[in-house]
Structures are given as C-alpha cells and as structure tokens.
Amino acid sequence: MRIATWNVNSVGARLPRLLDWLQTREPDVVALQETKTNEAGFPTAEVEALGYQVMHVGDGRWNGVAVLSRVGLEPVSRQLPGMTEPRYAVADCGGLRTVSVYVPNGRSVDDPHYAYKLDWFAELRRTLDDQDPAQPLVIMGDFNVARTDADVWDIKKFDGSTHVTPPERAALESLIDWGLVDVTARPGKNDRPFTYWDYRAGMFHKDLGMRIDYVLLSPSVTVQDAYVDREARKGTGPSDHAPIVVDVTLP
DNA sequence: ATGTCCGTAACCTACGGA
C-alpha cells in the first residue's frame with residue numbers, strides 16, 4: 001500500500017497539479033492539508049474520477065483537511081474534540097486508520113495562537129488514549145514543528161521562534177512516545193530532510209527549508225520505502241510543501 | 001528569509017494568514 005501526505009496550500013489553486021500527481025504517483029491513501037475551501041468547493045468529482053473515495057472537512061478560506069483512498073474509506077471522525085476548526089479528519093482505509101492533521105501554526109510564542117497550538121496537540125494526544133494499539137494507525141500531515149535542530153536550515157535563525165520550542169517539540173514527541181514511528185524519508189538534496197520551503201527569497205532553490213510534515217506510523221506496519229517528493233515542489237505554481245510518499249505493508 | 005502566494009471582500013488593491 002502506498003500512503004502519502006501533502007499540504008497543498010489550496011486544493012483549488014493546486015487542482016491540476018494534484019490530479020497529475022495522483023495519476024503519476026498512484027498513492028492508495030492520501031492525507032491532504034490546507035485545502036482552503038468548504039464542502040462544495042472540494043473537487044470531489046475530479047478526484048473520484050481517478051478511483052478515489054473522498055472525505056473532506058473544510059469550512060472556507062483557511063485550514064481544511066481531507067483523506068482520499070482507493071482501497072476503501074470509512075469515515076471515523078471529522079473533528080478533534082473541543083476544537084472547531086477543520087484541521088482533523090480520520091478514516092479507516094483498507095485496514096489502516098488514517099488521520100490527516102493540520103496542526104495550528106502558533107504564529108509567535110507570545111500569541112494566543114501558540115497556546116492554542118499546544119492545546120490542540122494535547123487534544124490530539126488524548127485521542128490516542130481511546131485508540132487500540134493493535135489497530136494499524138497513521139497520523140500524517142503538517143505538524144508545524146521541527147522535531148530536531150537538524151530539521152531547519154539554520155537553527156540560529158530560529159531563536160525565539162515557534163516551530164522549534166521545547167513545548168512544541170515535547171508535544172510532537174508525546175505522540176511518538178505513545179507508540180508511533182516517525183518515518184524517515186530517503187535523504188533529500190544536500191542530505192537534508194525538508195518538506196517545506198518558504199515561497200520567498202528563493203528558499204527552495206537554496207534548499208533553505210524545514211521538516212514540519214510527518215508520517216507517524218504504527219510499528220506493526222512495515223515501511224518499504226519513503227521519500228519527500230521534491231518534484232512536486234518544483235516548476236510553476238507549486239505548494240510551498242512537498243508530499244511525503246511511503247510504501248508500506250500492513251501486518 | 002521577510003523577496004511569495006493563497007483566498008476574500010471589495011473592487012482592479014489591500015489584507016490576514018502562512
């Protein structure tokens with residue numbers, strides 16, 4: 001089974017590239033983030049025409065997550081308990097419980113949005129208390145946290161910034177510590193692990209990026225291959241994130 | 001790195017958000 005996660009930064013703006021990517025990469029299960037549209041705005045018919053079932057949670061101009069599957073899709077949850085924004089979608093896909101997450105950005109450490117981000121993480125961790133550890137599970141998406149200093153292009157530039165603070169890292173770690181594997185992709189350009197590059201200042205060209213997207217997977221699931229699909233970040237009209245593509249074998 | 005891109009509301013540009 002091939003699974004993938006991609007922050008598309010608007011499914012509307014990315015539609016031609018998304019459809020092309022689905023046809024060339026042929027993932028079985030896909031988690032999307034930042035669809036930036038409501039239910040009516042999601043290109044359900046176009047995606048279904050490629051053989052996928054669709055679960056989308058979105059309410060307008062910001063956020064929005066989806067799960068696509070061509071190996072069956074049974075919706076499980078459309079909302080993180082206590083959180084109203086559309087940042088969380090869960091579906092069972094071909095025996096794999098699939099969670100698409102778009103963790104709040106945090107903005108700055110003194111912004112209320114930072115506290116909201118940590119609260120959001122805590123709620124996400126809480127959902128695992130009700131999760132059967134024997135059920136193959138993947139939580140994938142945009143976590144807006146760089147797990148280590150090596151996951152940003154220059155840690156010195158991040159003094160006082162979000163995405164690298166100990167509380168954010170501890171929150172991400174708490175998910176892994178529950179019993180999930182942070183799937184390691186093949187090394188990318190310059191042996192860096194990045195999944196996101198700012199649009200500005202030629203950051204992608206200079207490979208000044210961040211690893212803030214993750215595939216957190218049950219250890220019972222075997223990983224055959226994993227890579228960051230940099231090709232999807234190139235050319236005209238890309239998202240600022242690249243997909244992560246992982247080939248797995250379920251137990 | 002603050003150099004771009006997204007959607008929206010309201011216009012043909014400004015803004016919030018990332």
Side-chain angles (χ1 to χ4, degrees), chain A residues 5-21 31-44 46 56-66 83-88 100-121 140-146 149-165 168 171-172 188-190 192-214 228 230-244:
Chain A
T5 182
W6 192 10
N7 180 324
V8 290
N9 186 18
S10 170
V11 73
R14 219 62 59 213
L15 184 57
R17 291 189 71 126
L18 173 64
L19 297 177
D20 180 67
W21 179 82
L32 300 178
Q33 300 86 38
E34 282 207 85
T35 60
K36 290 188 172 178
T37 190
N38 56 22
E39 294 312 298
F42 194 89
T44 302
E46 290 90 333
H56 175 246
V57 185
D59 64 7
R61 75 189 291 191
W62 291 308
N63 313 309
V65 292
M83 301 293 170
T84 55
E85 290 184 318
R87 296 175 174 274
Y88 176 84
S100 179
V101 295
Y102 176 46
V103 176
N105 175 283
R107 300 180 188 173
S108 63
V109 291
D110 57 356
D111 192 295
H113 213 254
Y114 177 79
Y116 168 55
K117 179 180 193 174
L118 296 177
D119 289 345
W120 203 94
F121 260 121
M140 53 184 171
D142 178 356
F143 290 75
N144 272 314
V145 176
D149 289 356
D151 293 323
V152 298
W153 79 89
D154 183 356
I155 191 61
K156 294 191 292 294
K157 299 284 201 301
F158 284 78
D159 189 29
S161 298
T162 59
H163 293 61
V164 298
T165 67
E168 290 167 281
L172 174 59
K189 187 182 180 185
N190 307 317
R192 315 290 313 248
F194 305 143
T195 63
Y196 160 86
W197 301 260
D198 197 294
Y199 283 122
R200 293 169 287 193
M203 299 286 273
F204 178 69
H205 180 70
K206 292 184 268 190
D207 199 27
L208 302 180
M210 304 169 72
R211 184 170 82 112
I212 54 176
D213 302 87
Y214 297 84
V228 176
R230 290 176 49 90
E231 294 305 312
R233 181 63 179 78
K234 298 178 181 177
T236 306
S239 169
D240 42 3
H241 293 250
I244 305 170

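Chain A is the first sequence line, chain B the second, and so forth, proteins listed ahead of strands; every chain is numbered from 1.
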Minimal heavy-atom distance between V103(A) and K117(A), with the atoms involved, is CG1-CG, 4.1 Å
Look only at the side chain of D111(A) and the backbone of Y114(A), and say whether a donor-acceptor pair between them is shorter than 3.5 Å. no
Span that lies between the P atom of dA14(B) and that of dG3(B), in whole angstrom: 15 Å
If the condition is side-chain contact (heavy atoms from CB on, under 4.5 Å), which residues does S10(A) pass it with, not counting sequence neighbours? A13(A), K36(A)
Considering only heavy atoms from C-beta outward, does the side chain of V228(A) approach that of R211(A) to under 4.5 Å? no
Of L208(A) and D142(A), the one whose closest nucleotide on DNA chain B sits nearer the 5' end is L208(A)
Provide the distance between the two P atoms, one in dC11(B) and one in dG16(B), to the nearest whole Å. 16 Å
When all nucleic acid strands are considered with a 4.0 Å heavy-atom cut-off, which category describes N105(A): base, sugar-phosphate, or nothing? sugar-phosphate
Any side-chain heavy atom of Y88(A) sitting closer than 4.5 Å to one from V101(A)? yes
Mind checking what makes side-chain contact (heavy atoms from CB on, under 4.5 Å) contact with R17(A), not counting sequence neighbours? R14(A), P238(A)
For a 4.0 angstrom threshold against heavy atoms of chain A, report the outermost contacting nucleotides of DNA chain B in 5' to 3' order. dA1(B) to dA18(B)
Assign each of V11(A) and N144(A) the nucleotide of DNA chain B bearing its closest heavy atom; nearer the 5' end lies the nucleotide of V11(A)
If we take the P atom in both dA10(B) and dC6(B), what is their distance in whole Å? 22 Å
Would you mind classifying the nucleic acid contact of F158(A) as base, sugar-phosphate or nothing, using non-hydrogen atoms under 4.0 angstrom? nothing
Interatomic distance at C1', dT2(B) relative to dA18(B), whole Å: 12 Å
